[in-house]
Amino acid sequence: MGGHLSGQVQTNVSDDPRAVRTRATLKEALMHLLQQGDWSEITASAICRRAGVARSSFYEHFDTKADLLDEIFSDILGDIKPSTRPSEPLATLNWLVSHVGAAPDFFADAMAGKRGDALLPRFRAALKVRLELELSLRGVQDASAKAAYIIGGSMSCLAEAKGCNVREAVQKMAMRLLV
């Protein structure tokens, strides 16, 4: 398959129901394994064992486990409906706060480097791509640089957050950069 960039996935995926099922099973298997261990310890073979598919099936769909992870991120983030009005909160940041809130221990471990070196940078890159799209739709100049800055700062803020007004704080910091 190939050609994946961190946070972006090609869209020439087969519509064959068997292929769709296999890809979904592989994604579920990787997500399960991520809940249990470190990214660096997860292998394509372990993903296949968990999914109950042959390794050859894995490689028919993905070049690497990172490509599988990127597709998971793309699927998840693709469901975010970007807010296009400057007066609205950034949908990507609202999603991030909710996502972190649903699994705070996992996020804290990832931010502390306990989930492997590749996981968090790929997540950050996927979020940056999504926020860049949202900012571009709003007509923001230098959307790429601003998205990178906002995502990096927001993730750091969430790692340090102790209060219940995290969503508001992250949105306010982002809006200051955008005005």
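Since this is a predicted model, take the numbers as computed values, not measurements.
- The CG atom of D67 sits 10.5 Å away from atom OH of Y59, with the distance rounded to the nearest 0.5 Å.
- The closest side-chain heavy-atom distance from H32 to Q35 is not below 4.5 Å.
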Should E134 and R130 be marked as a salt bridge (Lys or Arg N to Asp or Glu O under 4.0 Å) after you check the CA-CA gap, both sets of side-chain angles, and the distance that decides it?
-> CA-CA 6 Å; E134 188 170 5; R130 192 64 194 177; over 6 Å; no

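- Clustering ILVMFWY residues whenever any of their side-chain heavy atoms sit less than 4.5 angstrom apart, transitively, puts L178 in the very cluster that holds I151.
- Counting heavy atoms from C-beta on, the side chains of H99 and F123 come closer than 4.5 Å.
- Put simply, the side chain of L135 reaches to within 4.5 Å of the side chain of L90, judged on heavy atoms.
- A heavy-atom distance below 4.5 Å is found between the side chains of L26 and T22.
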K27 and D75: CA distance, side-chain angles, deciding distance, side-chain contact (heavy atoms from CB on, under 4.5 Å) verdict | CA-CA 10 Å; K27 291 173 195 177; D75 289 351; 2.4 Å; yes

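- The nearest pair of heavy atoms linking C48 to A54 is SG-O, 3.9 Å.
- Using a cut-off of 4.0 Å between Lys/Arg side-chain N and Asp/Glu carboxylate O, E168 and K172 are scored as salt-bridged.
- Annotation: cation-pi pair R23/F58 absent, no NZ/CZ under 6.0 Å from the ring centroid and within 45° of its normal.
- Nearest heavy-atom pair, F106 versus L34, reported as atom, atom and distance to 0.1 Å: CE1-O, 3.2 Å.
- By the neighbour-count criterion of 12 heavy atoms within 6.0 Å, atom OH of Y149 is sparsely surrounded, having that number or fewer from other residues, nucleotides or ligands.
- By the criterion of side-chain heavy atoms lying less than 4.5 angstrom apart, applied directly or through intervening Ile, Leu, Val, Met, Phe, Trp or Tyr residues, L137 is not grouped with V140; the two fall into different hydrophobic clusters.
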For W39 and L69, what are the C-alpha separation, side-chain angles and deciding distance, and is it a side-chain contact (heavy atoms from CB on, under 4.5 Å)?
-> CA-CA 10 Å; W39 166 257; L69 181 66; 3.8 Å; yes

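- For the residue pair A102 and P104, the shortest heavy atom distance occurs at C-CD, 3.6 Å.
- Counting only distance, with no hydrogens or angles, the side chain of T64 and the backbone of A66 share a donor-acceptor pair below 3.5 Å.
- Between K128 and S144, the closest heavy-atom pair is NZ-OG, 2.7 Å.
- No more than 12 heavy atoms of other residues, nucleotides or ligands sit less than 6.0 Å from atom CD of Q141.
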Could you walk me through whether N94 and V170 pass side-chain contact (heavy atoms from CB on, under 4.5 Å), step by step?
-> CA-CA 9 Å; N94 278 344; V170 167; over 6 Å; no

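- A chain of hydrophobic side-chain contacts below 4.5 Å, direct or via other Ile, Leu, Val, Met, Phe, Trp or Tyr residues, connects L120 to M31.
- In this structure, the side chains of T25 and R50 stay at 4.5 Å or more apart for every pair of heavy atoms.
- To the nearest 0.5 angstrom, K146 atom NZ is 11.0 Å from S136 atom OG.
- Taking CG of L77 as the reference point, atom CG of L133 lies at 11.0 Å (rounded to 0.5 Å).
- When all heavy atoms of R138 and M175 are compared, the closest pair comes out as NH1-CE, 3.7 Å.
- Rounding to the nearest 0.5 Å places CG of L33 at 10.0 Å from NZ of K65.
- Residues L131 and L96 have side chains not in contact (no heavy-atom distance under 4.5 Å, counting atoms from C-beta outward).
- Residues R176 and V179 come closest through the heavy atom pair O-CG2, 3.4 Å.
- The shortest side-chain heavy-atom distance between I47 and F62 does not fall under the 4.5 Å cut-off.
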Just do the side-chain contact (heavy atoms from CB on, under 4.5 Å) check on M155 and M111 with the steps written out, would you?
-> CA-CA 8 Å; M155 289 179 71; M111 288 295 286; 4.3 Å; yes

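- By the 6.0 Å and 45° rule, K81 does not stack over the aromatic ring of W95.
- A donor-acceptor pair under 3.5 Å is absent between the side-chain atoms of S57 and the main chain of V53, judged by distance alone.
- A donor-acceptor distance shorter than 3.5 angstrom exists from the side chain of S83 to the backbone of P89, with no hydrogens or angles considered.
- Note that CG of L68 is 11.5 Å distant from CG of D63, once rounded to the nearest 0.5 Å.
- The shortest side-chain heavy-atom distance between M173 and I150 does not fall under the 4.5 Å cut-off.
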